[in-house]
Amino acid sequence: MDYVVVTRHASLVDLLRDRGIITGDVVVIDHVSDPEILRGKIVIGVLPLHLACLAQEIIAPEIDVPAELRGRELSREELERYFKGARKY
């Protein structure tokens, strides 16, 4: 099965690799310009419903970010602190 990671955060990709959630060569995109790239794939990321429904499976990273840190890029250390795992849907 093919995997696609959708995120604009390089530090999240590194963390997912370090945790063994993604391995080897996976397609990483920062923006879904062609929704068909998701069809039938295992997609890792947080997507709107109209895109998520195209995937075979969604793996959503769960990051419990405090309100005061929302809306800005997290450092790798912050990401490690607030990362709670990844849930399959």
Side-chain angles (χ1 to χ4, degrees):
M1 183 59 64
D2 291 332
Y3 287 79
V4 177
V5 178
V6 181
T7 183
R8 62 180 180 83
H9 305 286
S11 58
L12 179 59
V13 175
D14 292 341
L15 183 131
L16 294 171
R17 285 188 195 284
D18 291 348
R19 300 280 176 102
I21 295 169
I22 58 174
T23 59
D25 293 330
V26 297
V27 174
V28 178
I29 58 175
D30 64 356
H31 176 77
V32 180
S33 56
D34 178 9
E36 287 301 311
I37 195 171
L38 307 177
R39 189 172 301 281
K41 305 284 190 338
I42 296 174
V43 179
I44 301 167
V46 179
L47 298 173
L49 188 57
H50 75 281
L51 294 175
C53 70
L54 298 173
Q56 171 76 27
E57 182 176 289
I58 294 288
I59 300 173
E62 296 183 344
I63 305 168
D64 189 16
V65 180
E68 65 271 11
L69 297 180
R70 292 183 186 149
R72 72 166 182 81
E73 193 74 22
L74 296 177
S75 69
R76 176 58 190 257
E77 294 75 27
E78 290 169 325
L79 190 56
E80 287 280 352
R81 185 176 319 129
Y82 301 121
F83 184 77
K84 301 300 180 197
R87 182 178 296 197
K88 291 183 183 183
Y89 294 94

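Numbering starts at 1 and runs along the sequence shown. All heavy atoms count here, side chains included; hydrogens, waters and symmetry mates do not.
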K.L.:
Under 4.5 Å between side-chain heavy atoms, hopping through other hydrophobics if needed: is there a path connecting Tyr89 to Val46?
P.N.:
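No; tracing contacts between hydrophobic side chains, which count when under 4.5 Å, never links both residues.
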
K.L.:
Does any pair with a residue in residues 40-65 pass salt bridge (charged side-chain N to carboxylate O under 4.0 Å, His left out), and if so which ones, sequence neighbours excluded?
P.N.:
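Residue pairs passing salt bridge (charged side-chain N to carboxylate O under 4.0 Å, His left out), neighbours aside: Glu62-Arg87.
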
K.L.:
Under 4.5 Å between side-chain heavy atoms, counting indirect links through other Ile/Leu/Val/Met/Phe/Trp/Tyr residues: same cluster for Tyr3 and Ile58 or not?
P.N.:
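No, because Tyr3 and Ile58 fall into different hydrophobic clusters, even though each may have its own neighbours under 4.5 Å.
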
K.L.:
Going by side-chain hydrogen bond (donor to acceptor under 3.5 Å, both in side chains), name the residues that satisfy it together with Arg70, two or more places apart in sequence or in a different chain.
P.N.:
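Scan of Arg70 (side-chain hydrogen bond (donor to acceptor under 3.5 Å, both in side chains), adjacent residues dropped) gives none.
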
K.L.:
Indicate, with yes or no, if Ile63 and Ile59 share a hydrophobic cluster defined by side-chain heavy-atom contacts under 4.5 Å among Ile, Leu, Val, Met, Phe, Trp and Tyr.
P.N.:
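Yes, Ile59 and Ile63 fall within the same hydrophobic cluster.
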
K.L.:
Decide side-chain contact (heavy atoms from CB on, under 4.5 Å) for Leu47 and Leu54; before the verdict, give the C-alpha distance in whole Å, the side-chain angles of both, and the deciding distance to 0.1 Å.
P.N.:
CA-CA 11 Å; Leu47 298 173; Leu54 298 173; over 6 Å; no

K.L.:
Under 3.5 Å, sequence neighbours excluded: what are the donor-acceptor pairs made by side chains of residues 9-16?
P.N.:
residue: His9; atom: ND1; partner: Glu73; partner atom: OE1; Å: 3.1
residue: His9; atom: ND1; partner: Glu73; partner atom: OE2; Å: 2.8

K.L.:
Hey, what do you get for CD1 (Ile42) to NZ (Lys88), rounding to the nearest 0.5 Å?
P.N.:
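That separation rounds to 7.0 Å.
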
K.L.:
Between side-chain atoms of residues 25-33 and protein atoms elsewhere (two or more places apart, or another chain), which donor-acceptor pairs fall under 3.5 Å?
P.N.:
none

K.L.:
Name all residues meeting the side-chain hydrogen bond (donor to acceptor under 3.5 Å, both in side chains) criterion together with Glu78; count only those two or more places apart in sequence or in a different chain, and write none if there are none.
P.N.:
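By the side-chain hydrogen bond (donor to acceptor under 3.5 Å, both in side chains) rule, Glu78 matches Arg72, Ser75.
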
K.L.:
Flag yes if Val4 and Leu51 sit in one hydrophobic cluster, no otherwise; membership is Ile, Leu, Val, Met, Phe, Trp, Tyr, and two members link when side-chain heavy atoms are under 4.5 Å apart.
P.N.:
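Same cluster.
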
K.L.:
Are Ile22 and Leu79 connected in the hydrophobic side-chain network, where two residues link if heavy atoms are under 4.5 Å apart?
P.N.:
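Cluster IDs for Ile22 and Leu79 match.
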
K.L.:
Residues in salt bridge (charged side-chain N to carboxylate O under 4.0 Å, His left out) with Asp18, at least two apart?
P.N.:
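So Asp18 forms a salt bridge (charged side-chain N to carboxylate O under 4.0 Å, His left out) with Arg76.
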
K.L.:
Mind checking what makes salt bridge (charged side-chain N to carboxylate O under 4.0 Å, His left out) contact with Arg19, not counting sequence neighbours?
P.N.:
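Partners of Arg19 under the salt bridge (charged side-chain N to carboxylate O under 4.0 Å, His left out) test: Glu80.
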
K.L.:
Does Arg39 have any salt bridge (charged side-chain N to carboxylate O under 4.0 Å, His left out) partners at least two apart in sequence or in another chain, and if so, which?
P.N.:
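Testing Arg39 for salt bridge (charged side-chain N to carboxylate O under 4.0 Å, His left out), a comparison that skips the adjacent residues, returns Glu36.
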
K.L.:
May I ask you to check whether over 12 heavy atoms, not counting those of Phe83, lie within 6.0 Å of atom CZ?
P.N.:
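Enclosed.
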
